[in-house]
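Okay, structure first, notes after.
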Amino acid sequence: MKNRCCMALWLAGALPLFAGFAQPTQSIALEYGQKETTVVFVADCAVKKAKAHCDCTTLSVSGNTITAKVDTSLFDASVDKTISATTADGKQTTLTMKFDVPQAVIFTPAALIWKVGEAPTPKVLRITVPQGSPVKALKQAGLEGEDFVYDAAKGKRPGEYSVTVTPKSTAKRLRNRLVIKMESADPRFSQRIIYLRVNK
């Protein structure tokens, strides 16, 4: 019995201790127009290799630490980016960076959708420019195609707008786009496409 116990303890000591990362998922809040950020992941043993799944991310590995420099200049909405990491014990881990990008303009809803055969009633797109946004104002709204009509108006409060869109007919499937152009020094926020659809 004693020998068996010793053998069990020896085997337990011989088994590798599987590594883990203290924070395999990290949330990063960005500011308007932020061009770059750095995210650090720390494992409890050496990191053998790491690979980013996006060209926007540059990695450096030192011991048990992965440092990710992320080009956020093109992020115009909240997005996740991932990294594959292999530690000295052979364990593979997917590391996730969740970037919270503040909305320069809020569009509600994100698309205007009707069903084939329903009454061609107007639907309203509401646009809000939050305080502190890099967008100064809504410059214009325009339609691509001739299947819808629209009317744009300013809201009662500064930074509030609405666009009322109506299909000329809902007898068949339609797909058009409403192009919203905005006044902003940051080209990421100069235009937004809202899809207009009549679906089955």
Side-chain angles (χ1 to χ4, degrees), residues 25-39 53-57 68-82 96-200:
T25 298
Q26 296 190 39
S27 297
I28 302 96
L30 300 177
E31 298 179 356
Y32 286 121
Q34 186 169 339
K35 295 183 178 180
E36 187 180 72
T37 191
T38 299
V39 184
H53 299 161
C54 177
D55 292 340
C56 65
T57 305
K69 290 188 176 180
V70 186
D71 177 0
T72 58
S73 61
L74 296 179
F75 294 177
D76 59 2
S78 295
V79 64
D80 292 356
K81 299 295 179 181
T82 55
T96 302
M97 300 175 288
K98 294 181 173 291
F99 294 100
D100 182 14
V101 179
Q103 290 183 279
V105 183
I106 300 169
F107 294 89
T108 308
L112 299 180
I113 302 172
W114 292 259
K115 289 186 178 181
V116 170
E118 77 171 67
T121 55
K123 292 185 183 290
V124 179
L125 171 69
R126 303 197 181 279
I127 305 170
T128 304
V129 180
Q131 188 174 4
S133 168
V135 172
K136 294 182 179 179
L138 176 69
K139 291 202 306 186
Q140 69 178 53
L143 277 174
E144 292 184 352
E146 300 179 352
D147 296 317
F148 296 82
V149 294
Y150 77 100
D151 178 59
K154 286 186 177 181
K156 295 181 180 180
R157 299 178 182 178
E160 290 186 351
Y161 306 86
S162 66
V163 182
T164 302
V165 182
T166 309
K168 292 180 179 178
S169 171
T170 58
K172 62 180 182 179
R173 294 177 63 183
L174 298 174
R175 292 180 182 273
N176 279 161
R177 307 196 310 171
L178 180 68
V179 181
I180 309 294
K181 293 187 176 181
M182 295 162 283
E183 182 182 349
S184 176
D186 190 328
R188 293 181 299 173
F189 308 114
S190 61
Q191 181 172 291
R192 175 70 176 264
I193 302 296
I194 301 297
Y195 290 96
L196 313 175
R197 299 195 295 268
V198 177
N199 293 337
K200 284 187 178 180

>> Filter on salt bridge (charged side-chain N to carboxylate O under 4.0 Å, His left out), then keep only pairs touching residues 132-148, sequence neighbours left out; what's left?
In response: Glu144-Arg177
> Got a sec, which residues hit side chain to side chain contact (heavy atoms under 4.5 Å, CB included) with Val101, two or more places apart in sequence or on another chain?
Replying inline: Leu30, Phe75, Ser78
> At their closest point, which heavy atom of Arg175 faces which heavy atom of Arg173, and how far apart are they?
Replying inline: NH2-NH2, 3.4 Å
> Does Gln34 offer a backbone N or O that forms a donor-acceptor pair with the side chain of Thr72 under 3.5 Å?
Replying inline: yes
> So how far is it from Phe189 CZ to Glu183 CD, rounded to the nearest 0.5 Å?
Replying inline: 15.0 Å
>> Using a 6.0 Å cut-off, check whether atom NZ of Lys168 has over 12 heavy atoms from anything other than its own residue.
In response: yes
> Roughly how far, to the nearest 0.5 Å, is the CG atom of Leu174 from the CZ atom of Phe148?
Replying inline: 5.0 Å
>> Under a 3.5 Å distance rule, please check whether Trp114 uses its side chain to pair with a backbone N or O of Ser169 as donor and acceptor.
In response: no
> So which heavy atom on Leu112 is nearest to which on Pro109, and how close?
Replying inline: CD2-CG, 3.6 Å
> Can you check side-chain contact (heavy atoms from CB on, under 4.5 Å) on Val116 and Thr170, steps first, answer last?
Replying inline: CA-CA 5 Å; Val116 170; Thr170 58; 5.9 Å; no
> What's the spacing between Met97 CE and Thr25 OG1 if we round to 0.5 Å?
Replying inline: 10.5 Å
> For atom CD of Glu36, is the number of surrounding heavy atoms from other residues, nucleotides or ligands below 6.0 Å larger than 12?
Replying inline: yes
>> My understanding is that only residues two or more places apart in sequence, or in another chain, count here; which of them pass salt bridge (charged side-chain N to carboxylate O under 4.0 Å, His left out) with Asp100?
In response: none
>> Leu196 vs Tyr150, test: side-chain contact (heavy atoms from CB on, under 4.5 Å). Steps then yes/no.
In response: CA-CA 11 Å; Leu196 313 175; Tyr150 77 100; over 6 Å; no
>> One pair to check against side-chain contact (heavy atoms from CB on, under 4.5 Å): Tyr161 and Val129. What are the steps and the verdict?
In response: CA-CA 9 Å; Tyr161 306 86; Val129 180; 4.2 Å; yes
> Atom SG in Cys54, atom CG in Asp80: separation rounded to 0.5 Å?
Replying inline: 11.5 Å
>> What I want to check is whether the side chains of Asp71 and Ser73 have a donor and an acceptor closer together than 3.5 Å.
In response: yes
>> Checking the side chain of Thr82 only, and the main-chain atoms of His53 only, is there a donor and an acceptor separated by less than 3.5 Å?
In response: no
>> Please report the interatomic distance NZ(Lys81) to CG(Asp55), rounded to the nearest 0.5 Å.
In response: 9.0 Å
> Nearest heavy-atom pair of Pro130 and Ile106: which atoms, and what distance?
Replying inline: CG-CD1, 4.1 Å
> What are the two closest non-hydrogen atoms of Pro120 and Pro167, and how far apart are they?
Replying inline: CB-O, 3.4 Å
>> Measuring from atom CE of Met182 to atom CD of Gln191, what distance do you get when rounded to the nearest 0.5 angstrom?
In response: 7.5 Å
> Is a donor on one side and an acceptor on the other found under 3.5 Å between the side chain of Ser184 and the backbone of Pro134?
Replying inline: yes
> After noting the C-alpha distance and the side-chain angles of Leu138 and Ile180, does the key distance pass the side-chain contact (heavy atoms from CB on, under 4.5 Å) rule?
Replying inline: CA-CA 8 Å; Leu138 176 69; Ile180 309 294; 2.9 Å; yes
